[in-house]
Amino acid sequence: MTQPASSPTDHLLDELQWRGLIHQSTDETGLAELLASGQQSIYIGFDPTATSLHVGGLMQLMMLRRFQRAGHRPIALVGGATGMIGDPSGKSEERNLLSAEQLQRNVDGVAAQMRRFLDFDGEAGFTGSNGALLLNNFDWMQGYSYLEFLRDVGKNFPIGAMMGKESVRSRINSDAGLSYTEFSYMLLQAYDFVHLSREHGCRIQAGGSDQWGNITAGIDLGRRMTGEQLFGLTAPLLTTSDGKKMGKTERGAIWLDAERTSPYAFYQYWVHVNDEDVMRCIAYLTEIEKAEYDELAERTEQAAGERAAQKRLAQWMTELVHGDEGLASAERATKILFGGDIGNTPDNELQEIFADVPSQDITADQIEGEGLWIIEALQLAGLCSSGGDARRSVKENSISLNSVRIGDEQKRITRDDFAGRTVIVLRRGKRKYALLKLSSDASPK
RNA sequence: GGGGGUUUGCCCGAGUGGUUAAAGGGGGCGGACUGUAAAUCCGCUGGCUAUGCCUACACAGGUUCGAAUCCUGUAGCCCCCA
């Protein structure tokens, strides 16, 4: 361990090791030798279930990125074909089939996001020889006839082995059952691996631990069809200490797309990671070095209250996914929202800080005369679901307007509350914000 | 096809004909404590410009001064017999 590693590949395996990223692998020594013998290609499949990836896909993207940085060629495979079928692994019931058009939109969206993680054209210090590839299995599956596929591929799949796979066994006797289509999923993914080994010399497939069955199916198929020795590597699943999948909140998944999950919300998600989970996230998802990792672990131990590790994690992730800009705005917003008083912040700054926060336009006449009733305003802003809900929250003293608590449910918002600005900040509880914006067409007097 | 059971609020689940907007739990939302954590504790959790009104216990009717609770029919789920 004290010996400095002699090549990027040695670094790579050591790194995967200390980060705990190797859950299972086939023929470890063989794999190490293969990697040491020269540049390799490694592939991971991505399910195009939406136009954006979410936090759940980060592990995989980072895995490819680590390989690329160590000099290997990453292949991101989007499952245009397999996505039409649906992987039964780890799913309790059959998924709805996506339309071809939807799938194409998803593939496009996901592909664009991958550019933040992988270098596809060999710039940025790479010579180009290990530039990432983005492939879509629809391209080679689309023209493959059923009969031919059965003869070439199906022939090499013993039913006994297929029935033994966990993904099949767990479903076949369940209420949901398992359709023939889903059962066949494995063949498609296995064939992908063989295809990539033939066409791109790719001999390594990685994935989450739930992919083990599919990966080994590909390795078996490779041996039968081409005689080539292929390798598989799985990473642990990223779950929280209470066993749930990371990246999900009550409100749904955390997306990489800024339109779906704002940089601020994304940043906040990481800031809130539990103490028990935060170091694992750093190990799995970032490129923060061992030395700093140890330091952060130490600080979490000593002074958990500082949340140094969470902040560093949030910063690292946000910067990678949303860039300097996204990080800067998330941090600015955080600073005001959790620190300061909104009272004196000038209009333009408020607008910028709250760019992420949901807002609702109101017109000038809504605040003329009697003004806008607070109960109504809360519903307009989306902070409360009904009048009753709004009244309740006001009674609970959990509503504030420009950082001033509102306890009176008769409160009406008038021009005075805007204090010369065009924006008013409503808050419910500790960290739910919404804006009311005086729409520009209404001439402010 | 015959017989029996079941159906409650976001979810699970109690419910005696009469303060039952419906026990209890979960979830959610607030609050306290802390660290924008976890755990814990406390409050709230159908709608309504609201000391009141309306809608609710699968659906439709009925009995009753009064029904989630009793009766009839319809539908869904479950079990037994054929």
Side-chain angles (χ1 to χ4, degrees), chain A residues 92 175-176 239-252 254 261-282 296-315 317-318 327 329-342 353-354 356-358 362 366-367 369-401 403-414 425-434:
Chain A
S92 55
D175 291 343
T239 53
T240 60
S241 49
D242 44 349
K244 294 188 201 116
K245 272 190 190 163
M246 237 8 242
K248 293 248 157 83
T249 66
E250 318 74 47
R251 279 158 210 283
I254 300 293
T261 300
S262 69
Y264 167 71
F266 184 83
Y267 180 90
Q268 286 291 320
Y269 176 77
W270 299 111
V271 168
H272 281 111
V273 168
N274 286 185
D275 293 351
E276 301 93 279
D277 299 324
V278 67
M279 293 317 297
R280 208 151 25 88
C281 285
I282 289 177
L296 288 169
E298 176 76 13
R299 276 173 75 184
T300 298
E301 188 91 5
Q302 302 295 309
E306 286 178 26
R307 295 189 339 280
Q310 279 92 339
K311 286 176 185 163
R312 182 73 173 99
L313 172 67
Q315 181 215 332
M317 296 309 304
T318 309
L327 174 61
S329 83
E331 283 181 329
R332 259 198 312 275
T334 295
K335 208 169 161 188
I336 296 290
L337 266 40
F338 293 100
D341 180 6
I342 290 158
I353 288 165
F354 288 96
D356 278 358
V357 164
I362 57 171
Q366 281 177 284
I367 56 163
E370 265 215 308
L372 181 62
W373 190 27
I374 184 74
I375 301 302
E376 218 168 296
L378 287 168
Q379 291 176 77
L380 270 177
L383 285 178
C384 297
S385 60
S386 70
D389 189 26
R391 281 162 190 272
R392 223 173 284 129
S393 58
V394 171
K395 259 181 231 147
E396 281 170 335
N397 207 25
S398 65
I399 299 298
S400 50
L401 188 158
S403 4
V404 179
R405 293 272 174 180
I406 300 298
D408 175 16
E409 60 179 69
Q410 293 312 318
K411 164 75 185 172
R412 287 182 176 268
I413 298 170
T414 63
V425 182
L426 288 170
R427 177 165 66 108
R428 176 178 191 179
K430 276 183 190 142
R431 49 178 195 248
K432 272 166 38 192
Y433 290 86

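Reminder, nothing fancy here: chain letters follow the sequence lines and each chain counts from 1.
Across the protein-nucleic acid pair, A/R312 atom CZ and B/rU36 atom P stand 21 Å apart, rounded to whole Å. Note: CZ (A/R427) to P (B/rG30) measures 11 Å, nearest angstrom. Rounded to whole angstrom, the span from the CZ atom of A/R392 across to the P atom of B/rC42 amounts to 20 Å. Rounded to an integer number of Å, the gap from NZ of A/K311 to P of B/rA37 is 12 Å. For A/R332 and B/rU36, the CZ to C1' distance is 19 Å, given to the nearest whole Å.
Of the candidates B/rG31, B/rU45, B/rA37, the closest approach to any side-chain atom of A/N274 belongs to B/rA37. Of the candidates B/rG31, B/rG35, B/rU36, B/rU36 carries the atom nearest the A/T334 side chain, counting heavy atoms from C-beta on. Ranking B/rG30, B/rA38, B/rG35 by closeness to the A/E276 side chain, first place goes to B/rA38. Set against B/rG30, B/rA50, B/rU36, the side chain of A/K432 has B/rG30 as its closest nucleotide. Here B/rG35 is the nucleotide among B/rG30, B/rG35, B/rU49 with the atom lying nearest to any side-chain atom of A/D275. Of the candidate nucleotides B/rA50, B/rA38, B/rU36, B/rU36 has the atom lying nearest to any side-chain atom of A/H272. In the set B/rU36, B/rU34, B/rU49, B/rU34 carries the atom at the smallest distance from any side-chain atom of A/K430.
Shortest non-hydrogen contact noted between A/L426 and A/A381 is CD1-CB, 4.0 Å. Residue A/V394 comes nearest to A/L378 through the heavy atom pair CG2-CD1, 3.8 Å, listed as atom of the first residue, atom of the second, then distance. Between A/F266 and A/T261, the shortest heavy-atom distance links the atoms N-CG2, 3.8 Å. Heavy atoms only, all atoms of each residue included: A/T318 and A/A330 are closest at CG2-CB, 4.5 Å.
B/rU34 and B/rG25 have their P atoms separated by 27 Å, given to the nearest Å. Here the separation of B/rA32 from B/rG46, taken at their C1' atoms, is 28 Å to the nearest Å. The same atom, C1', is picked in B/rA22 and in B/rC12; the two are 16 Å apart, to the nearest Å. Of the C1' atoms belonging to B/rA56 and B/rU69, the separation is 15 Å, rounded to the nearest Å. B/rA58 and B/rG15 have their P atoms separated by 15 Å, given to the nearest Å. Comparing B/rA23 with B/rC11, their P atoms sit 16 Å apart, to the nearest whole Å. If you take atom P in B/rC57 and the same atom in B/rU7, they sit 14 Å apart, rounded to whole Å. When the P atom is used for both B/rU19 and B/rG35, the distance is 48 Å, rounded to whole Å.
For the OP1/OP2 pair of B/rC48 and a distance below 4.0 Å, the side-chain nitrogens and oxygens of A/S386 include at least one atom meeting the criterion. Remark: A/R428 is not in phosphate contact with B/rG31, judged by side-chain N or O atoms under 4.0 Å from OP1 or OP2. Residue A/R307 places at least one side-chain N or O closer than 4.0 Å to OP1 or OP2 of B/rU36.
Side-chain atoms of A/R280 come within 3.5 Å of backbone N or O of A/T239 as a donor-acceptor pair.
At a threshold of 4.0 angstrom between heavy atoms, the contacts of A/E306 with the nucleic acid are absent.
Rounding to the nearest 0.5 Å gives a distance of 9.5 Å between CD of A/E298 and OG1 of A/T300. Rounding to the nearest 0.5 Å gives a distance of 5.5 Å between CZ of A/R405 and CZ of A/R427.
Searching all strands for a Watson-Crick or G-U wobble partner of B/rG43 with both distances below 3.5 Å returns B/rC29. Base pairing analysis places B/rG1 opposite B/rC81; the two distances defining the Watson-Crick or G-U wobble pair are each below 3.5 Å.
For B/rU36, the base has a donor-acceptor partner in the side chain of A/Q268 [N/O atoms by modelled type, under 3.5 angstrom]. Applying the 3.5 Å distance criterion, the base of B/rG43 shares a donor-acceptor pair with the side chain of A/E396.
In textbook terms, a nucleotide whose glycosidic angle is within 90° of 0 is syn, and B/rU51 is one such case.
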